[in-house]
Amino acid sequence: MNSILSAKGLEIWFVTGSQNLYGEETLKKVAQHSVTIAKSFNTAAQIPVKCIFKPVLKSTEEIFSLCQEVNNNADCIGIIAWMHTFSPAKMWINGLKILQKPLLHLHTQFNSDLPWKDIDMDFMNLNQSAHGDREFGFIMTRMKLNRKVVVGHWQDKKVLLQIGVWARAVMGWNDWQGAKFVRFGDNMRYVAVTDGDKVEAEIKFGFSVNTCGIGDLAAVIDDVKETAVTKLCDEYAASYKLATSLKKGEAQHQSLRDAAKIEIGLRKFLVQGNYKGFTDTFEDLHGILQLPGIAVQRLMADGYGFAGEGDWKTAALIRAMKVMSIGLQGGNSFMEDYTYHFENGNEMVLGAHMLEICESIADGKPSCEIHPLGIGGKADPVRLVFNVSPGAALNASMIDMGNRFRLLVNEVTAVKPKQALPNLPVARVLWKPLPDMQTGCAAWILAGGAHHTCYSQNLTTAHLIDFAGMAGIELTLINKNTTIHQMQNELRWNDMYYQHNNK
Ligand code: MN
């Protein structure tokens with residue numbers, strides 16, 4: 001795999017609020033403390049991006065100018081704000097009004113413990129975040145600004161973990177701003193949930209979605225050199241358990257070459273157009289020999305967002321989730337709730353797609369196979385077939401409610417298939433939805449969740465809650481605590497809330 005994803009060069013700025021009331025000596029100490037904290041965040045394993053100290057802010061003008069700098073600096077993706085002393089919050093109004101990047105409010109204190117014997121008024125005046133941060137919190141709440149609040153000593157592992165989760169959500173959010181997604185062909189005909197308002201999505205999320213005729217892609221594929229195809233086929237043979245019929249000199253080797261040609265052409269098209277993800281549809285493949293299978297699986301593994309049948313919302317979500325999880329073990333894939341195992345007491349979902357499950361979630365070396373597809377009327381497509389390892393995971397689905405977007409999350413437990421599936425020609429995963437099959441599936445259906453999702457092994461609900469907060473959209477969660485009664489009420493209440501608060 002050749003990942004196109006990187007967090008290199010991304011920065012979170014560490015911003016400390018104070019005022020001129022305390023004199024030089026105190027402000028010097030405030031700055032020293034902030035430098036120490038920023039440096040420790042900069043090297044913390046839990047935080048995936050650089051953390052940069054910024055000079056202590058003491059006035060309306062300094063705050064406004066810092067917020068301008070944050071907006072204009074391409075490396076800075078968000079800020080951590082901490083009121084070490086008391087920073088009167090009216091000074092923050094104009095700056096916060098223009099701030100366009102996510103903010104984490106860190107409610108911490110330089111000292112962990114009270115210096116019981118030595119505490120005096122100097123200590124009290126220097127370490128005032130207990131009330132300074134409340135003043136700051138008030139103005140953000142008063143201005144109805146979204147932010148994450150993290151409380152605790154800055155060296156506490158739980159605090160570092162929460163900052164890291166937020167920073168990952170910021171990475172995904174930052175990646176969406178100005179991102180381009182391409183659809184080869186339109187939506188699958190008559191399908192509702194995969195369709196939606198692309199204009200509203202661009203306003204809300206910052207990415208654009210546009211369509212190219214499949215013929216434009218076919219032309220790029222046709223142009224691929226045979227030497228490049230041979231090289232990629234060798235790579236397939238080295239990376240996967242290649243089915244005998246696909247090997248050099250065997251009956252279906254030409255199909256492997258056709259698949260490799262599609263991958264090279266598709267990749268070239270995406271690079272040339274600076275696209276971060278794409279969709280295709282089996283209904284519109286004019287000029288393409290096979291429905292792209294292995295090509296899509298490998299492009300997803302390299303970091304491109306993808307979804308089938310023109311589902312641009314899922315493609316964009318998968319891209320964001322891949323960016324959020326840079327450097328983490330495990331993967332994120334396009335997924336579809338495909339078929340059920342309704343054995344009493346052992347109910348589970350078999351998730352798969354026609355072909356396009358991302359190699360990043362494969363348990364072990366995939367096999368590269370060729371089988372008929374049954375729909376689409378094209379040649380048999382080459383695909384990677386594998387199982388997925390057991391463990392905690394989640395499914396996330398972005399849907400368009402007409403007047404807003406909803407991000408729906410179901411926490412699940414993936415399980416090892418008890419028996420072999422020798423005739424199933426696609427990558428697959430078995431999972432048990434939380435809290436149980438009946439409640440999990442009923443809640444999903446009541447919430448209008450799609451059959452397409454991003455299946456994640458390495459992100460948690462916490463990442464997606466922060467992400468939805470940045471986007472200003474609803475997040476509906478189905479987990480071990482969900483009951484249908486509570487879910488129905490939450491959906492009704494949210495309908496009311498978003499009628500009044502949809503910016
Ligand atoms: Mn589908």
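In each ligand, atom 1 is the first atom listed, and ligand 1 is the first ligand listed. Source: prediction; values computed, not measured.
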Result block: side-chain N/O donor-acceptor pairs under 3.5 angstrom for residues 368-375, not counting sequence neighbours:
| residue | atom | partner | partner atom | Å |
| --- | --- | --- | --- | --- |
| Glu369 | OE1 | His371 | NE2 | 2.6 |
| Glu369 | OE2 | Ser367 | OG | 2.7 |

Only pairs under 3.5 Å count here: list side-chain donor-acceptor contacts from residues 455-464, not counting sequence neighbours, and write none if there are none.
| residue | atom | partner | partner atom | Å |
| --- | --- | --- | --- | --- |
| Ser456 | OG | Asn332 | OD1 | 2.6 |
| Ser456 | OG | Asn458 | N | 3.3 |
| Ser456 | OG | Asn458 | OD1 | 3.4 |
| Ser456 | OG | Leu459 | N | 3.0 |
| Gln457 | OE1 | Gly331 | N | 2.9 |
| Asn458 | OD1 | Asn332 | ND2 | 3.0 |
| Asn458 | ND2 | Gln329 | O | 3.3 |
| Asn458 | ND2 | Gly330 | O | 3.0 |
| Thr460 | OG1 | Ala462 | N | 3.3 |
| Thr460 | OG1 | His463 | ND1 | 3.2 |
| Thr461 | OG1 | Glu411 | OE2 | 2.5 |
| His463 | ND1 | Thr460 | N | 2.9 |

Let me have the donor-acceptor pairs involving side chains of residues 417-425, under 3.5 Å, with sequence neighbours excluded, atom names and distances please.
none

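Around the Mn ion (ligand 1), the protein atoms of type N, O or S that sit closer than 2.8 Å are Glu309 OE1, Glu336 OE1, His353 NE2, His452 NE2.
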Margin query: Using salt bridge (charged side-chain N to carboxylate O under 4.0 Å, His left out), reason through Asp495 and Arg404 one step at a time and then give a plain yes or no.
Written below: CA-CA 10 Å; Asp495 273 343; Arg404 67 178 196 279; 3.1 Å; yes
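A salt bridge does not link Asp195 with Lys313: every distance from a Lys NZ or Arg NE/NH1/NH2 to an Asp or Glu carboxylate oxygen is 4.0 Å or more. Here Glu356 does not pair with Arg383 in a salt bridge; the nearest charged N to carboxylate O distance is not below 4.0 Å.
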